[in-house]
Amino acid sequence: MRHLRTRIGIAAIVACLSWISPGLVHGQTSYPMLNRVEPVAVSRGRTTEILISGDQNFGGASSLLTEPNGLIGEIIGEVKDDRVPSRGRRKGNRKPRVSIKGKLTVAPDAPLGPREIRVGTPQGVSSVGLVVVVDAPVVSEADDRSNNQPVGAEDLSMPSVIAGKIGIAEDVDWYTFEGKAGREVVFE
């Protein structure tokens with residue numbers, strides 16, 4: 001019986017404190033989580049507009065941070081959540097996706113390879129996203145559905161880096177290019 005009174009006493013104290021001082025009780029939101037950067041590749045010596053998507057709150061995003069040197073990032077706008085709710089899930093059970101537009105300026109001598117980017121917000125700095133710095137022109141997939149069949153193959157000029165999108169499970173994209181006898185083409 002004594003144990004029961006102690007538990008009730010502690011519960012009553014906690015309830016009173018939370019009722020008396022609601023201003024002292026704060027809920028904390030998580031920092032923004034990046035889960036997609038489009039296009040995934042950027043060319044040396046060029047400025048490229050990118051779309052960064054993720055979870056949590058990107059509201060008030062003010063900076064696009066890059067590592068190491070050779071990239072300069074800038075936030076240029078927010079995009080509304082345009083997803084359709086998944087089938088089989090309750091309507092209110094969907095996590096909001098947030099997208100922001102950014103601009104990356106890549107120095108002509110920037111190191112090649114994967115580079116880290118993060119978004120600075122009032123809620124904190126986001127998780128890491130990656131872009132790949134390349135030496136060839138980048139061809140971003142124009143429409144995720146139109147090149148899913150050979151008849152809709154996108155034309156390429158060589159050399160180029162393709163920055164495709166995986167829009168559906170087992171997505172297959174078709175491209176076409178002109179080949180010349182004796183010319184070596186490497187696919188990586």
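Hydrophobic clustering of Ile, Leu, Val, Met, Phe, Trp and Tyr side chains at less than 4.5 Å, counting indirect connections, keeps Phe187 apart from Val161. Note: the hydrophobic cluster containing Val37 also contains Val106 (ILVMFWY, side chain heavy atoms under 4.5 Å, direct or indirect links).
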>> Using the rule given for side-chain contact (heavy atoms from CB on, under 4.5 Å), can you reason through Leu34 versus Phe58, listing the C-alpha separation, both sets of side-chain angles and the distance that settles it, and then say yes or no?
In response: CA-CA 10 Å; Leu34 296 185; Phe58 281 84; 3.4 Å; yes
> Taking it one step at a time, do Thr47 and Lys103 satisfy side-chain contact (heavy atoms from CB on, under 4.5 Å)?
Replying inline: CA-CA 7 Å; Thr47 298; Lys103 190 167 53 172; 3.3 Å; yes
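Annotation for Ser160 and Val139: closest pair CB-CG2, 3.9 Å, computed over non-hydrogen atoms. Nearest heavy-atom pair, Ser126 versus Arg118, reported as atom, atom and distance to 0.1 Å: O-NH1, 3.0 Å. Contact between Ile75 and Ser62 at its shortest, heavy atoms only, is CG1-C, 4.0 Å. Residue Val119 comes nearest to Ala61 through the heavy atom pair CG1-CB, 3.7 Å, listed as atom of the first residue, atom of the second, then distance. Here the closest non-hydrogen pair linking Met33 and Ser127 is CA-OG, 3.3 Å. Between Pro159 and Pro137, the closest heavy-atom pair is O-CD, 3.6 Å.
We find the CG-CD1 distance between Asn35 and Ile52 to be 11.0 Å, quoted to the nearest 0.5 Å. One finds the CG atom of Leu130 at 8.0 Å from the CD1 atom of Ile117 (value rounded to the nearest 0.5 Å). With rounding to the nearest 0.5 angstrom, the OG atom of Ser53 is 6.0 Å from the CD atom of Glu38. Distance check, rounded to the nearest 0.5 Å: CD of Glu78 to OG of Ser99 gives 10.0 Å. Of the inter-residue distances, the one linking Ile50 atom CD1 with Lys101 atom NZ reads 12.0 Å to the nearest 0.5 angstrom. To the nearest 0.5 Å, atoms CD1 (Ile100) and CG (Leu64) are separated by 7.0 Å.
A donor-acceptor pair under 3.5 Å is absent between the side-chain atoms of Ser63 and the main chain of Leu65, judged by distance alone. Judged by distance alone, with hydrogens and angles left aside, the side-chain atoms of Arg46 form no donor-acceptor pair with the main-chain N or O of Leu104 at under 3.5 Å. In this structure, Ser43 contributes its side chain and Ala136 its backbone to a donor-acceptor pair below 3.5 Å.
Within the 4.5 Å cutoff, the side chain of Val138 has no heavy atoms near those of the Thr48 side chain.
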Output a table of donor-acceptor pairs, distance under 3.5 Å, between side-chain atoms of residues 175-186 and any protein atom two or more places apart or on a different chain; print 'none' if there are none.
none

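Partners of Asp135 under the side chain to side chain contact (heavy atoms under 4.5 Å, CB included) rule, at least two apart in sequence or in another chain, are Arg44, Leu112.
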